[in-house]
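What follows is one structure encoded as structure tokens, with my remarks underneath.
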Amino acid sequence: MERPDPKAFRTAVSRFTTGVTIVTTREPDGRTVAMTANSFTSVSLSPPTVLVSLRDGRTLRAIARRGRFGVNVLPASAREISSHFAGRQVPGLRPAFLESDGMPRLDGSIAYFDCHVTQSVVVADHTLLIGGVTGCGYADADPLVFYSSQYRVLGAEFGAIPT
Ligand SMILES: Cc1cc2nc3c(=O)[nH]c(=O)nc-3n(C[C@H](O)[C@H](O)[C@H](O)COP(=O)(O)OP(=O)(O)OC[C@H]3O[C@@H](n4cnc5c(N)ncnc54)[C@H](O)[C@@H]3O)c2cc1C
């Protein structure tokens, strides 16, 4: 099977606009662990089911042990939080977590989903985590947007405002 040039593939994929989420879970000792992910998608309404695609790392391994994860959708103001949980730590930033059915929920998110892992599928260098949703909530606020490898905010009219 032929493959496209890796840079062309990455750039083409970046043209698909997404929101930005923080995926959370707990280590066996109760500590919160979290990472930035934009691979979130809703899979089914009945039963309510979502999906995230995660590369091997601390968060994925903790989710595999716990069997549960949370997805927190970021507001437009949360660019630094996204960078922090993508491994580019921001000095002085102290993200706050609330409790949600025994799991950490990021304070200030514009939507959240409490999930139990129902399936886990390894594909290439990522794992697709299929989550049955056991709880969710939302607020009315503008989202953080990711397009062409850059953060954006929604414009008042058609189109995006570069940040
Ligand atoms: C916009 C965007 C979208 C992304 N989407 C995806 C995706 O869909 N799938 C994917 O696999 N990767 C994605 N990434 C990359 C991913 O976010 C990073 O590779 C991340 O570092 C992986 O996290 P980790 O838990 O594996 O490892 P780590 O790098 O150990 O953890 C992430 C960071 O969060 C900090 N952190 C963790 N828990 C806490 C806590 N409780 N309090 C304070 N800080 C904490 C850590 O110190 C570390 O800096 C995305 C990155 C960006 C910027």
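All residue numbers in this chain count up from 1 along the given sequence. Both counts, for ligands and for their atoms, begin at 1 and track the order of listing.
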Go through Arg31 and Asp29 one step at a time and tell me if the salt bridge (charged side-chain N to carboxylate O under 4.0 Å, His left out) criterion holds.
-> CA-CA 6 Å; Arg31 272 182 306 163; Asp29 64 5; 3.0 Å; yes

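Neither side chain, Ser100 nor Tyr112, offers a donor N or O lying under 3.5 Å from an acceptor on the other.
Salt-bridge check for Arg68 with Asp114: failed, with every basic side-chain N at 4.0 Å or more from each acidic carboxylate O.
With a 4.5 Å cut-off on side-chain heavy atoms, Ser148 and Arg15 count as touching.
Of all heavy-atom pairs between Thr24 and Ala34, the closest is CG2-CB, 3.9 Å.
Protein residues are said to neighbour a ligand when one of their heavy atoms lies under 4.0 Å from it; for ligand 1 these are Thr32, Val33, Ala34, Met35, Thr36, Ala37, Asn38, Ser39, Ser53, Leu54, Arg55, Gly57, Arg58, Thr59, His84, Phe85, Ala86, Gly87, Arg88, Gln89, His126, Phe146, Tyr151.
Classification of the Phe40-Phe113 ring pair by plane angle, with boundaries at 30° and 60°, yields tilted.
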